[in-house]
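These notes are about the structure you will find just below.
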There are 2 protein chains.
Amino acid sequence: MPPEEPSTRDRLLDAFETLLVTEGSRAATLDAVAAEAGVSKGGLLYHFHSKDELVEGMLDRMRLMGERDATAMRTAPQGPVDYYLETSVDSGSAFDRALIAAARIAQENDERASHALAELRDQWFAVLSDHLGDEALARTIQLIGDGLYFDDTSGFTDPRALEHVRDVLARLDL
Amino acid sequence: MPPEEPSTRDRLLDAFETLLVTEGSRAATLDAVAAEAGVSKGGLLYHFHSKDELVEGMLDRMRLMGERDATAMRTAPQGPVDYYLETSVDSGSAFDRALIAAARIAQENDERASHALAELRDQWFAVLSDHLGDEALARTIQLIGDGLYFDDTSGFTDPRALEHVRDVLARLDL
DNA sequence: GTCTATATTCTGATAGAC
DNA sequence: GTCTATCAGAATATAGAC
């Protein structure tokens with residue numbers, strides 16, 4: 001069967017994430033989300049009764065994608081380290097967008113978002129640590145990934161950053 | 001002479017930064033900033049005619065602290081690398097608070113904030129690169145610093161992170 | 001399921017008293 | 001320099017028509 005059109009509900013979550021990522025949390029109003037998704041505010045509020053429910057819907061979807069990502073990382077042909085570093089620079093994937101959006105929400109002092117992100121990080125660290133058998137190295141690589149991610153989402157783009165990291169890791173026989 | 005009391009102007013900038021860092025940009029309203037600084041909204045608007053001027057005042061103050069930080073990094077007794085990594089975990093200093101606050105503003109699509117932060121990053125990279133004579137290593141260390149900073153400001157605290165990084169850098173004869 | 005209309009509160013900003 | 005009073009517009013949310 002052909003791929004289904006995204007439901008209005010999913011288009012609303014997409015719109016919410018897009019606004020959070022590109023314009024920040026102050027711009028992600030119900031009005032703006034509805035307009036971005038091409039529905040009225042009343043239409044939005046039928047699917048999500050409040051802004052809080054919009055946040056919860058977004059985090060639920062992110063957690064689902066997180067499960068799949070951890071599996072992909074464990075079984076990646078290039079190995080978990082390279083998979084992790086590659087996916088730390090924003091590929092524009094739906095998962096990346098969800099992660100950045102959740103980080104924006106977490107910064108507004110939202111415990112649910114902070115907690116969901118912390119759980120994802122713990123999963124990633126477990127995969128790296130299991131694979132490398134070296135906690136210090138696993139943590140350092142996670143920090144490099146965090147740095148790549150932070151730079152990328154902050155607009156500090158160095159196109160050669162990943163190449164430089166691989167160069168340095170090679171000196172550690174990785 | 002004794003240290004001066006902070007001016008109302010400085011207390012307003014402090015309050016703005018504190019709210020941005022602890023509760024995010026949505027919470028940093030003029031009302032909230034005035035209350036946090038212990039003045040009325042009218043009092044605030046005497047010193048800063050608009051929210052935009054508040055942002056500019058904050059960035060100006062941050063740039064000033066940035067100049068001093070770059071000098072301190074170049075002349076640090078423990079060397080630039082360790083100085084940089086140490087100051088990448090939030091020490092609670094006024095400069096750290098300003099950096100985090102500026103990052104929050106930058107995320108709201110503010111070019112002035114993004115540009116000011118990019119200039120600071122270029123200064124830090126120049127000091128690291130000059131000292132190490134190795135661009136790949138300098139960039140990797142900057143990424144680790146970014147990761148430490150990101151984790152710290154996101155509430156992902158690993159008290160042994162810095163220790164782990166030092167361990168790995170030692171394997172590179174640093 | 002989606003829309004329009006409306007109520008309520010919040011936000012940024014002005015004017016003018018003290 | 002700081003305050004109170006006030007306003008226009010935005011933001012979240014409800015009610016009810018279609």
Side-chain angles (χ1 to χ4, degrees), chain A residues 4-61 101-102 104-113, chain B residues 4-61 101-102 104-113:
Chain A
E4 289 176 39
E5 296 290 304
S7 63
T8 300
R9 193 192 142 88
D10 271 317
R11 279 190 299 114
L12 284 164
L13 291 176
D14 292 345
F16 186 40
E17 289 178 355
T18 297
L19 283 165
L20 281 171
V21 170
T22 59
E23 301 184 54
S25 44
R26 289 192 108 238
T29 66
L30 296 185
D31 251 322
V33 171
E36 173 84 18
V39 298
S40 68
K41 213 189 323 191
L44 185 165
L45 286 161
Y46 167 79
H47 292 280
F48 302 97
H49 294 1
S50 69
K51 205 174 181 184
D52 242 49
E53 283 190 20
L54 202 52
V55 170
E56 270 163 26
M58 188 192 83
L59 294 178
D60 285 343
R61 220 173 54 160
R104 302 280 197 255
I105 298 291
Q107 285 178 352
E108 309 287 324
N109 232 347
D110 186 303
E111 265 308 311
R112 299 162 301 175
Chain B
E4 288 176 40
E5 296 290 305
S7 64
T8 300
R9 193 192 142 87
D10 271 317
R11 279 190 300 116
L12 284 164
L13 291 176
D14 292 345
F16 186 40
E17 290 177 355
T18 297
L19 283 165
L20 282 170
V21 170
T22 59
E23 300 184 54
S25 44
R26 289 188 115 246
T29 65
L30 296 186
D31 252 321
V33 171
E36 174 83 18
V39 296
S40 69
K41 208 183 337 185
L44 185 165
L45 286 161
Y46 168 79
H47 291 280
F48 302 97
H49 295 359
S50 69
K51 205 175 181 182
D52 244 50
E53 283 190 19
L54 202 52
V55 170
E56 272 163 26
M58 188 191 83
L59 294 179
D60 285 343
R61 220 174 53 160
R104 302 282 197 255
I105 298 290
Q107 285 178 353
E108 308 289 323
N109 236 344
D110 186 302
E111 266 308 312
R112 299 163 300 174

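Here is the naming used below: chain letters follow the sequence lines, and residue numbers restart at 1 for every chain. The structure displayed is predicted, hence computed values, not measured ones.
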(request) Apply side chain to side chain donor-acceptor pair (under 3.5 Å) to Asp60(B) and list each qualifying residue two or more places apart in sequence or on a separate chain. (result) Arg63(B)

Only counting residues at least two apart or in another chain, list the ones meeting side-chain contact (heavy atoms from CB on, under 4.5 Å) with [X].
{"X": "Ala28(A)", "value": "Phe16(A), Leu19(A), Leu20(A)"}
{"X": "Ser50(B)", "value": "Asp52(B), Glu53(B)"}
{"X": "Ser40(A)", "value": "none"}
{"X": "Ala34(B)", "value": "Val39(B), Leu44(B)"}

Rounded distance (Å) that lies between atom [atom2] of [N] and atom [atom1] of [X]:
{"X": "Phe48(A)", "N": "dA11(D)", "atom1": "CZ", "atom2": "P", "result": "20 Å"}
{"X": "Asp31(B)", "N": "dT9(C)", "atom1": "CG", "atom2": "C1'", "result": "12 Å"}
{"X": "Leu54(A)", "N": "dT12(D)", "atom1": "CG", "atom2": "P", "result": "10 Å"}
{"X": "Leu45(A)", "N": "dA5(C)", "atom1": "CG", "atom2": "C1'", "result": "14 Å"}
{"X": "Leu19(B)", "N": "dT11(C)", "atom1": "CG", "atom2": "P", "result": "12 Å"}
{"X": "His49(A)", "N": "dA13(D)", "atom1": "NE2", "atom2": "P", "result": "12 Å"}

(message) Strictly below 4.0 Å: does Arg26(B) bring a side-chain N or O up to OP1 or OP2 of dT12(D)?
(response) yes

(request) Only counting residues at least two apart or in another chain, list the ones meeting salt bridge (Lys or Arg N to Asp or Glu O under 4.0 Å) with Glu108(B). (result) none

(message) Angle between the end axes of the helix from dG1(C)-dC18(D) to dC18(C)-dG1(D), five pairs per end, to the nearest 10 degrees?
(response) 10°

(request) Starting at CZ of Phe48(A), measure out to CG of Leu13(A) and round the result to the nearest 0.5 Å. (result) 4.0 Å

(message) How long is the straight-line distance from CG of Asp110(A) back to CZ of Arg104(A), given to the nearest 0.5 Å?
(response) 15.0 Å

Contact list (N/O, under 3.5 angstrom) for nucleotides 16-18 of chain D vs protein:
none

(request) Quick one: label Arg9(B) by what it contacts on the DNA or RNA (base, sugar-phosphate, nothing), any heavy atom closer than 4.0 Å. (result) nothing

(request) For Leu30(A), report the nucleic acid contact type (base, sugar-phosphate, nothing); a contact means any heavy atom under 4.0 Å. (result) sugar-phosphate

(request) Identify the heavy atoms of Leu30(A) and Leu45(A) that sit nearest to each other, and give their distance. (result) CD1-CD2, 4.2 Å

(request) Please collect all salt bridge (charged side-chain N to carboxylate O under 4.0 Å, His left out) contacts where either partner lies in residues 23-37 of chain B, sequence neighbours excluded, each pair once. (result) Asp31(B)-Lys41(B)

(request) Provide the full list of salt bridge (charged side-chain N to carboxylate O under 4.0 Å, His left out) pairs with a residue in residues 9-22 of chain B, sequence neighbours left out, each pair given once. (result) Asp10(B)-Arg61(B), Asp14(B)-Arg61(B), Asp14(B)-Arg97(B), Glu17(B)-Arg61(B), Glu17(B)-Arg97(B)

Between the protein and nucleotides 1-3 of chain C, list every N/O to N/O distance that falls short of 3.5 Å.
{"residue": "dG1(C)", "atom": "OP2", "partner": "Tyr46(A)", "partner atom": "OH", "Å": "3.3"}
{"residue": "dT2(C)", "atom": "OP1", "partner": "Thr8(A)", "partner atom": "OG1", "Å": "3.1"}
{"residue": "dT2(C)", "atom": "OP2", "partner": "His47(A)", "partner atom": "NE2", "Å": "2.6"}
{"residue": "dC3(C)", "atom": "OP2", "partner": "Ser40(A)", "partner atom": "N", "Å": "2.6"}
{"residue": "dC3(C)", "atom": "OP2", "partner": "Ser40(A)", "partner atom": "OG", "Å": "2.7"}
{"residue": "dC3(C)", "atom": "O5'", "partner": "Ser40(A)", "partner atom": "OG", "Å": "3.3"}

